[in-house]
2 protein chains.
Amino acid sequence: MRYQIEFRHFRYFLAVAETLHFRKAADILFISQPGLSRQIKQLEENLGVKLFERHNRKVKLTQVGLYLQREINTNFKQLEAIINHAKLLNDGIDGNLRLGYVGSAMQQLIPDLLLKFKGTHPNILINLKEIDNKQQIEALLNQNIDIGFIRQERVPIGINVKPIYEETFSLVLPKNHKINKTNFKSLSQFKNEHFILFDASYSESYYEKIMQIFDDSGFSPIISHSTINASSIYRLVENNFGVSIVPTSLKYGFDLKIKFIELVEIPQRTTLKIVWNNKNTNPVLKNFIEIIRFLN
Amino acid sequence: MRYQIEFRHFRYFLAVAETLHFRKAADILFISQPGLSRQIKQLEENLGVKLFERHNRKVKLTQVGLYLQREINTNFKQLEAIINHAKLLNDGIDGNLRLGYVGSAMQQLIPDLLLKFKGTHPNILINLKEIDNKQQIEALLNQNIDIGFIRQERVPIGINVKPIYEETFSLVLPKNHKINKTNFKSLSQFKNEHFILFDASYSESYYEKIMQIFDDSGFSPIISHSTINASSIYRLVENNFGVSIVPTSLKYGFDLKIKFIELVEIPQRTTLKIVWNNKNTNPVLKNFIEIIRFLN
DNA sequence: ATAATTGATAATTATGAGGTATCAAATAGA
DNA sequence: TCTATTTGATACCTCATAATTATCAATTAT
């Protein structure tokens with residue numbers, strides 16, 4: 001117990017816990033393998049806890065090691081956030097907020113929200129990143145973003161959800177398509193058309209919902225293309241590669257030879273939700289959620 | 001920026017922030033004042049943030065310094081808690097223990113054991129699962145449970161066994177059966193009765209032992225039903241579907257129209273054993289086995 | 001059998017934390 | 001005004017120890 005534990009020990013520990021390989025971890029840390037071994041040993045001695053099982057040619061985390069990896073990781077993320085925030089404070093900025101969003105949220109909602117937030121909190125630095133649903137959850141858990149905008153039903157525990165905008169779906173057709181708002185009866189009129197849809201990887205639950213729409217209409221769609229980007233969908237529709245179904249709000253802001261038919265009769269709706277990690281201690285996050293609360 | 005920040009820097013920072021006096025802080029930290037000054041300077045340079053205003057003969061925290069003091073303080077508290085918890089986990093004082101057991105062990109033994117263990121280790125979370133002998137071995141090998149309670153002679157290598165309770169068998173008869181404790185002579189009196197027994201799949205070696213009892217008595221039983229549950233056996237016996245033989249301890253805790261005759265004369269005994277995987281490193285397991293050691 | 005992999009150990013080096021001495025600036029007291 | 005005192009910063013030095021190199025021991029792959 002004569003050595004003080006330092007960050008170094010935990011930095012090294014995390015690297016070994018990550019790679020489960022002393023030599024590789026040493027390379028990543030730009031130190032030699034024996035040096036790394038010694039520091040890990042020191043940490044283990046100081047804590048009085050065995051962190052790794054070294055057998056044969058395999059390194060394994062012990063139960064306690066596993067626990068420490070998780071906890072130290074989030075603790076370090078928090079510390080990092082504290083330091084970043086301190087730097088921003090120093091620059092006269094009151095904090096920052098890292099947003100992730102699916103493309104379809106940028107349509108109208110995020111600009112509106114940010115404008116409102118900037119009004120009350122002018123010195124907040126906002127970072128925006130377009131990421132898909134699944135990766136947003138990942139980023140939230142790792143505290144790489146503070147808040148996400150997703151279209152997905154289920155989220156892991158530890159993630160808070162607040163629905164903020166529910167909307168209908170709309171059919172997307174080429175402008176010259178024979179079906180229009182007046183002669184449109186039901187989706188089954190499109191059973192022989194090719195469909196261009198958001199990829200299942202975009203969000204499983206979103207995809208399921210779309211499939212349910214087809215189920216309810218009594219046919220399986222021919223899916224000719226899938227993408228993760230509204231604008232590519234529209235390009236394809238415009239050029240007669242097929243038709244599509246998208247959240248209604250996505251119809252604004254494009255000037256293409258396509259038309260939309262809102263599907264108000266079907267029961268399915270899609271909900272844009274904001275999500276955040278309840279372990280996140282960023283003070284700006286609290287304020288942002290406060291703003292959201294007064295939306296509906 | 002060529003120095004890495006270490007805990008030291010924050011420890012020193014907190015001491016100065018607390019005392020607002022470099023010399024006093026240095027005394028508290030058992031280092032010299034110039035050494036302290038230098039570390040604080042390093043921290044400030046590394047963060048790119050001024051933490052203290054040194055004017056006249058007074059030291060004052062800057063806004064950012066104030067923020068950091070609060071945040072680092074709570075962050076360090078959290079880290080401390082993490083480390084303490086890790087130590088508890090390591091000592092098996094906190095954590096969880098997953099038990100598997102055959103129904104007949106729940107009769108008296110497991111409640112007693114758990115009560116005793118809970119007394120010395122109140123913070124351990126215990127998961128209980130009723131599983132048959134064979135599946136317990138499987139679960140131990142896969143480390144899906146930490147400890148098992150079985151009635152089975154042979155176990156694979158890698159599994160440790162400790163017998164904890166040896167007992168006689170008892171006949172189970174309907175209350176109105178003509179044989180009772182006084183006119184009972186030997187098992188051969190039942191050669192024409194139907195028997196209801198634990199299924200062979202429950203445990204092969206247990207089944208073999210029962211068969212041996214019949215062998216010794218010179219007859220093969222007529223087996224009319226087999227089940228894996230003491231309570232169903234008793235229901236069947238109560239309704240005159242046949243008679244049975246069970247471990248004696250199973251007679252407690254039922255209120256049915258049945259009676260028991262303990263077979264003390266025959267040599268066969270059944271032994272409840274605890275079993276665990278010797279590769280299992282769950283520290284709680286060690287402590288549990290320790291408790292067991294003082295049982296007999 | 002030989003070579004490759006991988007973590008631990010031993011001996012050595014060199015970085016930088018901490019020590020001593022001292023300074024500079026400011027203040028208090030005469 | 002002239003000390004004496006307080007207090008953080010600087011300069012220089014020492015030594016503890018982190019990191020390196022070289023090597024080993026054990027295992028596994030060829």
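Chain identifiers are assigned alphabetically (A, B, ...) following the order of the sequence lines, protein sequences preceding nucleic acid strands; residue numbering begins at 1 within each chain. Quantities reported herein were computed from a predicted structural model and do not represent experimental measurements.
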Whole-Å distance between dG18(C) C1' and Gln4(A) CD? 14 Å

Between C1' on dG18(C) and CZ on Arg11(B), what's the gap in Å once rounded to a whole number? 13 Å

Value in whole Å for how far the P atom of dG19(C) lies from CG of Asp27(B): 11 Å

What is the distance, to the nearest angstrom, from the NZ atom on Lys58(B) to the P atom on dA28(C)? 10 Å

With respect to the phosphate group of dT9(C), does any side-chain polar atom (N or O) of Lys41(A) fall under 4.0 Å of OP1 or OP2? yes

Looking across every strand, which nucleic acid part, if any, lies under 4.0 Å from Phe52(B) by heavy atom: base, sugar-phosphate, or nothing? nothing

Phosphate OP1/OP2 of dA8(C) contacted by Ser37(A) side-chain N/O (<4.0 Å): yes

For the pair made of CG in Leu20(A) and P in dT6(C), what is the distance, rounded to whole Å? 12 Å

Can you find a side chain N or O atom of Arg54(A) that sits less than 4.0 Å from OP1 or OP2 on dT6(C)? no

Can a donor-acceptor pair be found, under 3.5 Å and without considering hydrogens, that links the side chain of Asn90(A) to the backbone of Val49(B)? no

For the pair made of CZ in Arg23(A) and P in dT20(D), what is the distance, rounded to whole Å? 13 Å

Between Glu53(A) (CD) and dG7(C) (P), how many Å, whole number? 14 Å

Test for a donor-acceptor pair under 3.5 Å between the base of dA9(D) and the side chain of Gln33(B), counting only N and O atoms. yes

Identify whether any heavy atom of Arg38(A) sits under 4.0 Å from a base atom; if not, whether one sits that close to sugar-phosphate; answer base, sugar-phosphate or nothing. base

Rounded to the nearest angstrom, tell me the gap between atom CZ in Arg8(B) and atom C1' in dT15(C). 12 Å

Gln42(B) side-chain N/O to dA17(C) phosphate OP1/OP2 under 4.0 Å: yes

Toward the 5' end of DNA chain C, which comes first, His21(A) or Ile31(B), by nearest nucleotide? His21(A)

Between His85(A) and Asn282(A): side-chain donor-acceptor atoms closer than 3.5 Å: no

Under 3.5 Å, is there a donor-acceptor pair linking the side chains of Gln33(A) and Ser37(A)? yes

Given the options Arg11(A), His9(A), Glu44(A), Gln39(A) meets side-chain hydrogen bond (donor to acceptor under 3.5 Å, both in side chains) only with His9(A)

Ring geometry between Phe52(B) and Phe13(B) (parallel below 30°, tilted from 30 to 60°, perpendicular above 60°): tilted

Which nucleotide sits closest to the side chain of Pro34(B): dA11(D), dG7(C), dG8(D)? dA11(D)

